[in-house]
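Contents: one structure, followed by commentary.
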Amino acid sequence: MSEHDTQLTATGNNFIRDIIAAQIAHGEHTGDVVTRFPPEPNGFLHIGHAQSICVNFGLADYFDGFCRLRFDDTNPEKEEQRYIDQIQEDVHWLGFEWEGSIRFSSDYFETLYEYALHLIENGDAYVDELSSEQARAYRGDWNTPGTNSPYRSRTPAENLERFEMMRAGQFGEGQAALRAKIDMAAGNMNLRDPIIYRVRHATHHQTGDRWCIYPSYDFAHGQSDAIEGVTHSICTLEFADHRPLYDWFIDHLPVPARPVQYEFGRLNISFTVTSKRRLRRLIDEGFVNGWDDPRMPTLSGIRRRGYTPAAIRDFCEAVGVTRTDGMVDVAQLEHAVRDDLNKNAPRAMCVMDPLKIVLTNFAAGEVETITARGHPDRDDLPPRQLPLTREIVIEHADFRESANKKYKRLVLGKKVRLRNAYVIQADDVVKNDAGEIIEVHCRYDPDTLGELPADGVKPKGVIHWVSASHSARATVREYDRLFATDKPGRDTEDFVEDLNPNALTIHHNCHIEPGLAPAVPETRVQFERIGYFVADRYDHTPEAPVFNQTVALRDSWAGKTA
RNA sequence: UGGGGCGUAGCCAAGCGGUAAGGCAUCGGGUUUUGAUCCCGUGUACCGCAGGUUCGAAUCCUGCCGCCCCAGCCA
């Protein structure tokens, strides 16, 4: 993991880590701790998966074992190569390196088939020819025991023959399925003769047309774990009642190892959604521009938004691993990025809503270069050169003709400090016919660079600015939370009704420091007094800079009035 | 109504019989050429409820309540 900046810490809570530590301490576990991250390649990874990735890779790293990346590809109709590629990119981006080459459940299809044969020979599985509708009726419900299928009593020889026929393509989809013979009256529905193989006349992205029968998740997953020597098979809580089945297969098959499943509570975050079905809908219905739209909670989306791998890892560690089905405040995620970016992002100035300021006592045509720190408390980040000219721009919101003492910005007749530069005083306001302020005339105090004014009175406020002429223009995409409510869909018919209409505001013609335009894509920066931004991974160019807002600076002034 | 899981401050979350850590959020205050950062302070948590055991229980026992997951030939 050296090529990445991964620094795994074990500061958070993780009950699985505690369990493994105890197993090792008590001699119940010897040898390597082997885990795996097992995504199905049917969509992009999202922030919820980050938790699973951190848990699996983190545990392997913590115990000096190893973790592999295995695609759980047993449903060819929903899976695509592009997702396989994207998932690998995302896991790497997060900072993890899997052991060996990538694996696929489909790598084990032949072995899995033999395992199925083993079950049939032992009378533990049978080919059922009930239609799915009939099967559902036979299954019963929570209050009614199921009924045995009339095909349940077929002999092993008969089942063997039928199963061969399934593999040979002599059954259409839904006409036959191999089921484990367990208990149609089990309280746990997963044990009511679960499907082991079903017919799918579909081309598989890895195995092509070699197979027309595919193993179910329950059959493929645990056995793949065993084949790979996984010791701790970690998944989320909704699979808890699959564990008896997971163990049943392991108990009834000649597998080379005995993995054990552990479940933890899925990560849910307020003001967002993390279900592939919902994310796909946002894309399909055009609410966002694809899986990697910066508003999306996908890893590629938040990457484009400017989030850092370290921030996401810190967030997952801070949230902890438990069996509680909770909802973490998105503010906790935002805190994690601010914390990282505050320490590492260079500072710069950008004026998003320009108001022209004329420094009446500054010579026209003159350009004074001011050197500013790259970061308030880091000397290793290079200083930057800021051209100061007679005409500059500041934010409209940073000027008022009059205001009370709580307003710490530029007020007519009063002084304010230009960030990194001089103290100025506003003398005149120029308005258009509509009465709107279009220009402010100020005088600057040439003795205040790094110094207090002669009267010794420190200006109340500091505002950011950029030269009107010696600056670059940029498009700045200001993002807000994708949803306006903490639990999308909770109080509405359809979760899309909770979408935040202001999740994206595009600002054209923003003025940025000239040194910022050449930034390479994905350069992260803090626009002082505004927030953290990143040069868009795809759209940013030196000629037409595009910055995406990662997260705004904390603003204890917001909501107050002056 | 069957099976499984979970309930500690607004949100995460320690605690595992000895009298409630920490983080986020909130609200104050200090420092500050970012109303940022940093620093300090700030919460009667009836430990879901009710009984019981005990000198003593969030921690043990019993009952109840609430929330989540399961009736795909999805994962």
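Throughout, protein chains are lettered first and strands after them, A, B, ... in sequence-line order, and every chain is numbered starting at 1.
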**OP:** Assign A/Arg179 to base, sugar-phosphate, or nothing according to its heavy-atom contacts below 4.0 angstrom with the strands shown.
**Re:** nothing
**OP:** Look at all strands and tell whether A/Asn143 reaches a base, only sugar-phosphate, or nothing, counting heavy atoms closer than 4.0 Å.
**Re:** base
**OP:** Would you indicate what A/Arg136 reaches in the nucleic acid, counting non-hydrogen atoms under 4.0 angstrom: base, sugar-phosphate, or nothing?
**Re:** sugar-phosphate
Subject >> Side-chain N,O (A/Arg200) to OP1/OP2 (B/C73) below 4.0 Å >> reply: no
**OP:** Select base, sugar-phosphate, or nothing to describe what A/Leu333 touches, counting heavy atoms under 4.0 Å on all strands.
**Re:** nothing
Original post:
Looking for any heavy atom pair under 4.0 Å, which part of the strands does A/Gly174 touch: base, sugar-phosphate only, or nothing?
Top reply: base
Original post:
How is A/Thr324 classified with respect to the nucleic acid when contacts are heavy atoms under 4.0 Å: base, sugar-phosphate, or nothing?
Top reply: sugar-phosphate
**OP:** Would you indicate what A/Ala331 reaches in the nucleic acid, counting non-hydrogen atoms under 4.0 angstrom: base, sugar-phosphate, or nothing?
**Re:** sugar-phosphate
Subject >> Distance-minimising heavy-atom pair for A/Asp498 and A/Lys487 >> reply: OD2-O, 4.2 Å
**OP:** Give one of base, sugar-phosphate or nothing for A/Met349, where a contact means two heavy atoms less than 4.0 Å apart.
**Re:** nothing
**OP:** Classify the nucleic acid contact of A/His464 as base, sugar-phosphate or nothing, counting any heavy atom under 4.0 Å across all strands shown.
**Re:** nothing
Subject >> side chain to side chain contact (heavy atoms under 4.5 Å, CB included) partner of A/Trp465, the single match among A/Leu355, A/Val393, A/Leu386, A/Ile357 >> reply: A/Leu386
**OP:** Just call it for A/Ala186: base, sugar-phosphate, or nothing, with non-hydrogen atoms closer than 4.0 Å on any strand.
**Re:** nothing
**OP:** Treating a pair as Watson-Crick (purine N1 to pyrimidine N3 plus N6-O4 or O6-N4) or G-U wobble (N1-O2 and O6-N3) with both distances under 3.5 Å, list the stems of 3 or more consecutive pairs that involve RNA chain B.
**Re:** B:2-7 with B:65-70, B:10-12 with B:22-24, B:27-30 with B:38-41, B:48-52 with B:60-64
**OP:** Indicate, with a heavy-atom threshold strictly under 4.0 Å, whether A/Asn420 touches base, sugar-phosphate, or nothing.
**Re:** base
**OP:** Mind checking A/Gly450 for me? I need base, sugar-phosphate or nothing, with any heavy atom below 4.0 Å counting as a touch.
**Re:** base
Subject >> A/Gln261 (side chain) donor-acceptor with A/Phe239 (main chain) under 3.5 angstrom >> reply: yes
Original post:
Looking at A/Phe527, A/Phe533, A/Tyr532, which one forms a ring-ring contact (aromatic ring centres under 6.0 Å, His included) with A/Phe547?
Top reply: A/Phe527
